[in-house]
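What follows is a set of notes on a single structure, which appears directly below.
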Amino acid sequence: MDFRLRREEKLKSKKLIEALYSNGNSILVYPFRMVYLPIDHKANQVVQCGFGVSKKKFKRAVDRNRIKRLMREVYRQQKHIIYKDLDKKHIIMINYIDEKLPNYVQIEEKLILLLIKFMEKVKD
RNA sequence: AAAGUAGGUCGCCUUAUCGCUCCGAGUAUUCGGAGAGGAAAGUCCGGACACCAUAGAGAAUCGUAGCGGAUAACAUCCGUCCGGUGUGAACCGAGGACCAGUGCAACAGAAAGCAAGUACAGUUCGGCUGUAGUGAAAUCAGGUAAACUCUACGAGGUGCAAUGCUACGUAUAUUAGAGCUUGAGGGUACUCGCCCGAUUCUAAGGGGUAAGCAGCUAGAUGUAUAUAGUAAUAUAUAGACCAGAUAAAUGAUAAGGACGUUUUUAAAACGAACAGAAUCCGGCUUAUGACCUACUUUUAUU
RNA sequence: CGGGAUGUAGCGCAGCCCGGUAGCGCACACGGCUGGGGGCCGUGGGGUCGCAGGUUCAAAUCCUGUCAUCCCGA
């Protein structure tokens with residue numbers, strides 16, 4: 001199984017992100033909010049995914065970096081949940097919307113829930 | 001022992017597994033190397049660098065302010081004089097000039113310049129001298145310049161979202177006004193000068209693209225030693241290469257070892273502050289954990 | 001990353017340039033006009049002037065630092 005998270009799998013294009021926020025659907029699994037959109041992006045990967053933390057909720061850059069790194073780490077290990085039977089290309093943005101600093105276990109538990117819920121929605 | 005003052009050092013380390021970014025090999029997924037700070041922060045000063053006339057002149061505006069030195073430069077640093085604060089170690093100071101001119105001084109007070117002069121006492125009888133009272137300051141051409149101002153010195157403007165190139169794409173749509181060599185407008189306030197200037201400029205209202213490369217990290221670089229100097233610093237020699245991301249790398253898990261605290265003397269448990277590079281340097285300021293050294297004051301003992 | 005603005009009563013603002021008394025509107029409390037409500041009139045309360053230093057006899061005002069909020073820029 002591939003546990004790597006390459007540059008191609010990160011959502012970076014400003015244009016795609018704008019399209020995502022204006023047309024995408026959202027799922028809320030506290031403390032995360034996921035926005036997703038099936039779209040044919042150029043990259044050679046099934047999913048492009050981005051991570052966000054609000055500057056209003058976490059003033060220090062250290063805290064924002066910390067949360068994004070934890071989210072990225074969990075996503076890297078658990079992305080096979082959505083990769084194994086997703087046939088259409090998607091772009092995803094996951095935002096952290098709580099106001100408290102989380103630890104690794106909390107993020108792992110909730111992010112897995114979020115990914116499972118995402119698969120259920122996509123299959124319908 | 002307590003309270004305090006000044007200066008300095010460090011900012012957990014090692015290994016394994018799974019990953020991230022860059023560089024070099026190699027070649028179609030492997031190997032090797034490197035990978036946050038003392039403040040990376042605030043953006044408060046000073047430069048380098050880039051473009052705008054080969055970046056000029058004037059005026060205005062702003063900044064600095066004992067004296068001497070350091071420096072690429074500074075509002076920084078070093079030395080020193082003076083003033084202030086503190087019992088003291090020490091610390092703080094925008095510390096030039098109100099005999100150039102203008103302004104200001106609430107309340108109180110007779111009076112805080114353009115005019116006045118209270119009360120008492122002494123008198124050489126001259127509205128002369130002293131005292132009292134008000135006030136931060138009182139008759140003296142006084143106080144006040146972080147009041148205007150004057151003096152000396154300094155500063156052209158804009159900033160890596162600078163600037164150069166490649167790719168993609170569009171609209172020279174429309175409306176109103178101005179102008180076309182007798183010059184609208186622009187070159188980041190103003191005037192002059194110089195330069196550019198017609199498929200142009202201004203306003204309204206729209207359309208497209210926001211992808212890549214260079215700039216981008218070897219430098220007023222840091223380390224050690226010697227010499228000059230009270231010092232800041234400078235010079236010489238040796239050897240070192242030390243992040244370059246762009247929705248933005250430096251992470252996760254486990255084990256072990258140091259450090260601190262608590263319970264206890266075998267060990268166990270817990271904990272590690274402030275905080276994350278974005279063109280690069282020199283400072284300042286602010287946030288912040290632990291330890292060390294020297295000194296001061298107070299109390300106690302010898 | 002760079003440039004700029006604003007913090008004054010519960011809310012919205014003036015006063016700051018040129019230093020001595022902190023004020024206006026709405027809201028609040030009390031009283032009056034009315035049979036009552038609304039409305040109008042009158043009176044009153046409420047302020048660390050974002051925070052910390054400095055200059056000054058005296059600071060919301062001048063200077064410095066700091067915190068927060070907002071705006072602009074390929």
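Note on naming: letters A, B, ... go to the chains in the order of the sequence lines (proteins, then strands), and numbering restarts at 1 for each one.
Heavy-atom nearest nucleotides on RNA chain B were determined for A:L5 and for A:C49, and the one closer to the 5' end corresponds to A:L5. Comparing A:Q77 and A:A61, the nucleotide of RNA chain B nearest to each residue sits closer to the 5' end for A:Q77.
Looking at heavy-atom distances under 4.0 Å, A:K68 makes no contact with the nucleic acid at all. Counting any heavy atom pair closer than 4.0 Å across all strands shown, A:R76 reaches a base atom. Residue A:R72 is in sugar-phosphate contact alone, with no base atom involved, counting any heavy-atom pair closer than 4.0 Å across all strands shown.
Taking 90° from 0 as the syn/anti boundary, the base of B:U217 is oriented syn.
Separation of the P atoms belonging to B:C284 and B:C104 is 44 Å when rounded to the nearest angstrom. Between B:U301 and B:C274, the distance separating the two P atoms is 45 Å to the nearest Å. For the C1' atoms, the distance linking B:A41 with C:G65 amounts to 15 Å, nearest Å. Between the P atoms of C:U48 and C:G2, the separation comes to 37 Å (whole Å).
The side chain of A:N65 lies closest to B:A36, out of B:G19, B:A247, B:A36.
Side-chain to base pairing of A:R4 with B:C20: no donor and acceptor N or O lie closer than 3.5 Å to each other.
In this structure, A:K89 places its NZ atom where more than 12 heavy-atom neighbours from other residues, nucleotides or ligands lie under 6.0 Å away.
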